[in-house]
Amino acid sequence: MDILSIPGEMLDALEEGVSILDTRFRVLEMNTTMHQWYAHRKFRPGEKCYKMYHGRSTPCTFCPTRNALRERRVATGIVPYHGPQREIQGWQRLIVFPLCDGNGKIVGAIEYVEDITKEKVLEAEVEKLRVTERLLRGQVALLGELLEKEKEEKRHREEERRRLFAAGIRPLLSLLREALSSEIQRMLLDTLEKALDSLCGGEDTSQAPSLTPREWEVARLLAQGLTSKEIAEVLSISKKAVDFHRGNIRKKLGIQKTKESLFAALQRSR
């Protein structure tokens with residue numbers, strides 16, 4: 001049996017397309033699947049494959065069959081599937097086997113053709129998804145940076161509001177303390193100052209030391225030039241308590257190990 005005249009029923013048993021060509025690219029036979037794919041072109045045995053399948057007058061530059069015949073080896077390639085108006089309707093994968101006679105001479109080729117249009121469509125969709133994913137990752141990263149920046153700006157705005165609030169309210173509290181006469185009123189003011197300290201993060205954001213309400217009282221009176229004894233009388237506490245607060249104030253001002261007077265340090269920090 002001539003290898004270029006394989007019975008049609010053998011070719012039709014395959015679901016994929018099969019066509020047999022000679023060395024001059026003439027189509028000698030093709031199976032039912034190929035007839036169905038190219039029903040818009042009437043099959044004429046001996047017609048050039050590039051004219052039959054692609055409507056061309058010259059060989060295709062991407063032809064794997066030419067490579068198989070020239071290099072005497074199996075060749076593969078992906079080619080477009082053209083419709084009646086030479087429009088691309090899909091894609092085919094060709095696996096081309098060179099055919100030899102009993103003497104080893106190349107006498108033709110057999111093309112095994114798979115329709116991979118769906119595969120190509122899926123590949124394109126996957127690539128779109130990959131591009132979309134990269135874009136989304138970039139946007140997420142950018143949003144993350146913007147959120148962090150917004151948080152930082154919000155924190156700075158909050159700190160500034162606290163600083164301005166503390167800077168404005170503390171002088172009023174000092175004036176109020178001077179006007180108070182009873183211990184109960186001073187206790188209430190101490191509570192208010194503690195709430196202010198908590199609201200402002202436990203410190204005076206005007207860069208004054210983080211003193212307790214009582215230490216603020218002592219520091220204010222010291223800055224006015226009062227002695228420990230005089231402060232004790234004003235605050236109705238013992239001189240020993242005043243000296244204790246003075247020691248804490250010196251520590252918080254960072255002058256506990258220096259000879260600088262507390263009065264001078266307080267004047268400097270005002």
Can Arg214 and Glu217 be counted as an ion pair, charged N to O under 4.0 angstrom?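 Answer for the salt bridge query: yes.
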Under the rule for side-chain contact (heavy atoms from CB on, under 4.5 Å), what residues qualify as partners of [X], not counting sequence neighbours?
X      : value
Arg24  : Asp22, Arg26, Lys48
Glu233 : Lys229
Thr76  : Ile95
Phe244 : Asn248

Tell me, please, which residues at least two apart from [X] pass side-chain hydrogen bond (donor to acceptor under 3.5 Å, both in side chains).
X      : value
Lys239 : Asp243
Ser238 : none
Arg66  : none
Tyr50  : none

Note to self: Looking at every non-hydrogen atom in both residues, tell me the closest pair between Pro84 and Gln89 and how far apart they are.
What the structure shows: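 Smallest heavy-atom distance, with atoms named: CD-NE2, 3.8 Å.
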- [ ] Specify the closest pair of heavy atoms between Glu16 and Asn31, including all atoms of both residues, with the distance to one decimal.
- [x]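 Where Glu16 meets Asn31 most closely, the heavy atoms are O-ND2, 2.8 Å.
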List the atom pairs, with distances to 0.1 Å, where a side-chain N or O of residues 135-146 and a protein N or O form a donor-acceptor pair under 3.5 Å, not counting sequence neighbours.
residue: Arg137; atom: NE; partner: Glu133; partner atom: OE2; Å: 3.3
residue: Arg137; atom: NH2; partner: Glu133; partner atom: OE2; Å: 3.1

State the CD1-CD1 distance between Ile237 and Ile231, to the nearest 0.5 angstrom.
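Atom-to-atom, Ile237:CD1 and Ile231:CD1 are 8.0 Å apart.
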Quiz prompt | Approximate separation, where rounding is to 0.5 Å, of Leu69 CG and Cys63 SG | solution =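 Those atoms lie 8.0 Å apart.
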Which atom pairs, donor and acceptor, lie under 3.5 Å between side-chain atoms of residues 115-124 and protein residues at least two apart or in another chain?
residue: Asp115; atom: OD1; partner: Thr117; partner atom: N; Å: 3.0
residue: Asp115; atom: OD1; partner: Thr117; partner atom: OG1; Å: 2.7
residue: Thr117; atom: OG1; partner: Trp91; partner atom: N; Å: 2.9
residue: Glu119; atom: OE2; partner: Arg93; partner atom: NH2; Å: 2.9

Check: Pairs in or reaching into residues 114-161: which pass ring-ring contact (aromatic ring centres under 6.0 Å, His included), with residues at least two apart or in two chains?
Finding: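 Those involving residues 114-161 do not exist here.
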Do Glu29 and Ser19 pair up side chain to side chain, a donor and an acceptor below 3.5 Å, judged on atom types alone?
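The criterion, which ignores hydrogens and geometry beyond distance, is not satisfied for Ser19 and Glu29.
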Q) Can you list every pair that meets salt bridge (charged side-chain N to carboxylate O under 4.0 Å, His left out) and has a residue in residues 71-92, with sequence neighbours left out? A)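 Listed by first then second residue: Glu71-Arg73.
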